[in-house]
Amino acid sequence: MTLQSVLEDIRKRPGSGEVIPVIDPVTEEPITEFTDCGPAAVDDAAARARAAFEAGVWAGLPGRERAKVMWRIADLIEQHADELAELDSLNTGMPLMQAQLVVPTCAEFFRYYAGWCTKVNGNAYDVKTSGIASDTYVDMHTYTLKEPYGVVGLIFPWNGPIFNASAKLAPALAAGCSMLVKPAEETPLSALLLDRLIAEAGVPDGVVNLLTGYGHTAGAAITAHPDVQKVAFTGSTDVGKEIVRASAGNLKKVMLELGGKSPVLIYDDADLDQAIMMAAMGIFVHSGQGCVCGSRIFVQRGVYDRVVEGIAMIADNLKLGGPREEGSMSGPLISQKQLTRVLGFLDEGRSDGVEVVTGGHRLDRKGYFVHPTVLTNVERGMRLYQQEIFGPVVTVLPFDDDDEAVAMANDTTYGLAATAWTTNLARAHRLAKRLQAGTVTLNCQLVFDHTVPFGGYKQSGWGHEFGREGIEAYMQTKSVWAQL
Ligand code: NAD
């Protein structure tokens, strides 16, 4: 299965909508193109998914049989690791090495959730009940069943294509759901290969249905579809709100993994070399296109100048380039649209009086590259301080004490992640309680594990992925009462 065959096959996918070019963000040239699947394809896919679910071809298998197939998916991902990494790096412009590091994690998603196939059970309850008009108690045999939702919609963004796909598909498959799967229109390539691997591993027809198209067409049709019982969405907070509105028709359940504006607090007692390096990488890696990127850094006043200088130095020395360019450490933004958006924030900031310590412009070369940017003299009313930019742009502000640091950190509508760098462990754990975020990292950043629940506070999301919560998100609870 060559990379070329994926580029060709996507062209042949049937569709009824617009032709969508897939653009290489490094060259700004089309790599391939495909036709938006259109709403009729979503209807067909939903009918197939529903039929597969009702026939029990997947949900009806014993957990251990589903687990075997999921292990085969993991093995196939490893066998095709090079192609998957090449597709993602070609499609997003990320360094090849970075894409290569992600692929084993994707295989692990399938292995980890394969283990859960045999471990999610209900409970038994020892209940005696009195009937409505009776004063005698009757023994009951009462228990709960954990059942898959049925047909679910999985919609995800472009920033980590194969990672995002695996993070959703693995638990949904383990739970026994059938699914409509929509990757981002910018990055459909690795999902196409994964779809083939899933079929090759033995997932029955109709269980996984890949839909390639725009958000406002394919995505919206999935979200509004009456046969879809739950939507698991990763993407921007604005689209998350649209998903909630569109789900109202059949009151489908919704899981949302949304945007962030994550704070990083650096205290004067921190290991500053490490804090500076990690805080810089925590925003500049992948050109700031990570949901947990620490885009607001707050530094205790005594070390403020040193931290600003250190982060700016890393920004200036970070080599940007295409996946195969020698020494490239970070790639471009995904699209012209994102480039325009990020530069728009920067222009607005400049006219509002923000100080650009370094960066603030696109690179003078082909590709959607933005110089890693450090901004100071930023005020809370500014749009670039409040809104997620999703680019390599960080604001750095000073603070004096814990209360001020926490107030500034929590002064956002988002609540995805937060970090504190301090060697005072009592303070670190106090901060962990006070920071309003679904994930708090202490003296570390960019950490992840399949076993640890991940989800957003405030407008960063609803529900959790990963860990036990990750599979339970695709299951509902039924209570069964039997009178003895
Ligand atoms: P986006 O919200 O524009 O798109 C995400 C997905 O939703 C795409 O597949 C898109 O086609 C689809 N979509 C768009 N409009 C839709 C609609 N009306 N109905 C249904 N689907 C629709 O997000 P993006 O710009 O592709 O990705 C960046 C965003 O994703 C950032 O906000 C980032 O923080 C967020 N993100 C969050 C997490 C997390 O785990 N919390 C992880 C990665 C990215």
Side-chain angles (χ1 to χ4, degrees), residues 17-18 20 22 25 34 36-37 39 42 91-92 102 153-168 180-188 191 210-225 228 231-249 252 254-262 283 286-295 333-342 387-391 412-417 437-439 446 448 452-466 469-470 473:
E18 268 179 54
I20 305 175
V22 180
F34 63 98
D36 189 308
C37 65
V42 175
N91 209 167
T92 63
V102 170
L154 312 180
I155 303 175
F156 40 87
W158 41 262
N159 65 333
I162 190 66
F163 180 92
N164 288 330
S166 306
K168 294 225 173 324
L180 311 186
V181 181
K182 199 201 90 59
E185 54 272 27
E186 295 89 346
T187 55
L210 182 69
L211 291 160
T212 40
Y214 282 121
H216 64 273
T217 54
I222 293 170
T223 313
H225 204 285
V228 175
V231 168
F233 171 78
T234 297
S236 60
T237 294
D238 284 347
V239 174
K241 290 178 184 175
E242 281 183 49
I243 303 260
V244 170
R245 284 189 284 270
S247 301
K252 57 174 65 64
V254 178
M255 176 167 70
L256 301 173
E257 295 289 353
L258 306 178
K261 192 76 178 168
S262 300
I283 179 67
H286 201 19
S287 278
Q289 301 171 110
C291 53
V292 293
C293 279
S295 51
L333 297 178
I334 189 70
S335 61
Q336 178 63 52
K337 184 173 150 209
Q338 276 301 108
L339 177 70
T340 306
R341 188 167 173 275
V342 172
Q387 293 189 12
E388 182 185 47
I389 298 176
F390 224 54
T412 167
T413 56
Y414 295 103
L416 194 60
T439 292
L446 302 175
F448 153 81
V452 182
F454 178 79
Y457 276 24
K458 300 199 272 188
Q459 294 189 31
S460 287
W462 283 357
H464 284 86
E465 294 197 298
F466 314 158
E469 284 89 336

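Atoms within a ligand are numbered from 1 in the order they appear, just like the ligands themselves.
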Looking only at distances, please establish whether an N/O atom of ligand 1 is found under 3.5 Å from an N/O atom of Lys182.
yes

Shortest protein heavy-atom distance from atom 32 (O) of ligand 1, along with the residue and atom involved
Glu388 OE1, 2.5 Å

Closest to atom 21 (N) of ligand 1 by heavy-atom distance, out of Gly260, Gly219, Gly235, Ser460, is Gly219

Tell me, with the steps shown, if Phe390 and Asn159 meet side chain to side chain contact (heavy atoms under 4.5 Å, CB included).
CA-CA 10 Å; Phe390 224 54; Asn159 65 333; 3.6 Å; yes

the protein heavy atom lying closest to atom 27 (O) of ligand 1 turns out to be Pro157 CB, 3.2 Å

Please identify which atoms of ligand 1 are closer than 4.0 Å to at least one heavy atom of Thr223.
20 (C)

Between Cys291 and ligand 1, is there a nitrogen or oxygen pair with a distance under 3.5 Å?
no

Can you find an N/O atom of Gln338 closer than 3.5 Å to an N/O atom of ligand 1?
no

Give the residue and atom name of whichever protein heavy atom lies nearest to atom 28 (C) of ligand 1, and the separation in Å to one decimal.
Phe390 CE2, 3.5 Å

Looking only at atom types and distance, does a side-chain atom of Thr412 sit under 3.5 Å from a main-chain N or O of Tyr414, one as donor and one as acceptor?
yes

Looking only at N/O atoms, are Val239 and ligand 1 under 3.5 Å apart anywhere?
no

Please confirm whether the backbone N or O of Ile155 pairs with a side-chain atom of Lys168, one donor and one acceptor, at under 3.5 Å?
no

Side chains of Gln336 and Thr340: closer than 4.5 Å at any heavy-atom pair?
yes

Is the shortest side-chain heavy-atom distance between Phe233 and Thr223 below 4.5 Å?
no

I need the atoms of ligand 1 closer than 4.0 Å to a non-hydrogen atom of Glu185, numbered in the order shown.
10 (C), 11 (O)

Which of the numbered atoms in ligand 1 are below 4.0 angstrom from a heavy atom of Ala220?
19 (N), 20 (C)

Considering the heavy atoms of Pro183, write down every atom of ligand 1 situated less than 4.0 Å from one of them.
9 (O)

More than 12 heavy atoms of other residues, nucleotides or ligands under 6.0 Å from OH of Tyr457: yes or no?
no

Just to confirm my output: which protein heavy-atom neighbour is closest to atom 13 (N) of ligand 1, and how far is it?
Gly215 CA, 3.3 Å

Backbone or side-chain N or O of Trp158 under 3.5 Å from ligand 1 N or O:
yes

Using a 3.5 Å cut-off on N or O atoms only, is Asn164 in polar contact with ligand 1?
no

Would you mind telling me if ligand 1 is within reach of the side chain of Leu416, the backbone, both or neither, using heavy atoms under 4.0 Å?
side chain

Distance filter under 4.0 Å to Gly259 heavy atoms, resulting ligand 1 atoms
32 (O), 34 (O)

Among all protein non-hydrogen atoms, which one is nearest to atom 7 (O) of ligand 1, and what is the separation to 0.1 Å?
Phe233 CE1, 3.1 Å

Given Ile20, Asn91, Leu210, the one that forms side-chain contact (heavy atoms from CB on, under 4.5 Å) with Pro188:
Asn91

The side-chain contact (heavy atoms from CB on, under 4.5 Å) partner of Trp462 among Ile243, Leu258, Leu256 is Leu256

Measuring only between side-chain heavy atoms, which start at C-beta, is Met255 closer than 4.5 Å to Glu465?
yes

Considering only heavy atoms, does Phe156 approach ligand 1 within less than 4.0 Å through its side chain, its backbone, both, or neither?
backbone

Interatomic spacing from SG in Cys293 to CD1 in Ile389 - rounded to 0.5 Å:
11.5 Å

Is the closest side-chain heavy-atom distance between Thr92 and Ile334 below 4.5 Å?
yes

Part of Ile243 with heavy atoms under 4.0 Å of ligand 1, whether side chain, backbone, both or neither:
side chain

Does atom 4 (O) of ligand 1 have a protein heavy-atom neighbour under 4.0 Å away?
no

Sub-3.5 Å donor-acceptor pair from the side chain of Lys261 to the main-chain atoms of Glu388, do we have one?
no

Give me the residue, atom name and distance of the protein heavy atom closest to atom 44 (C) of ligand 1.
Asn159 ND2, 3.5 Å

Nearest non-hydrogen protein atom, atom 41 (N) of ligand 1:
Leu258 O, 2.7 Å

Checking a contact table here: which protein heavy atom is nearest atom 18 (N) of ligand 1, and how many Å away?
Glu242 OE1, 3.0 Å

Do Asp36 and Thr217 get their side chains close enough for a donor-acceptor pair, meaning under 3.5 Å?
yes

Do Phe454 and ligand 1 have an N or O pair less than 3.5 Å apart?
no

Heavy-atom proximity to atom 1 (P) of ligand 1 ranks first, among Pro188, Ala218, Ser236, Gly438, for Ser236

Under 3.5 Å donor-acceptor, Thr237 side chain and Gln459 backbone:
yes

Only residue of Phe448, Phe156, Trp158 satisfying ring pair (Phe, Tyr, Trp, His ring centres under 6.0 Å) with Phe163 is Phe448

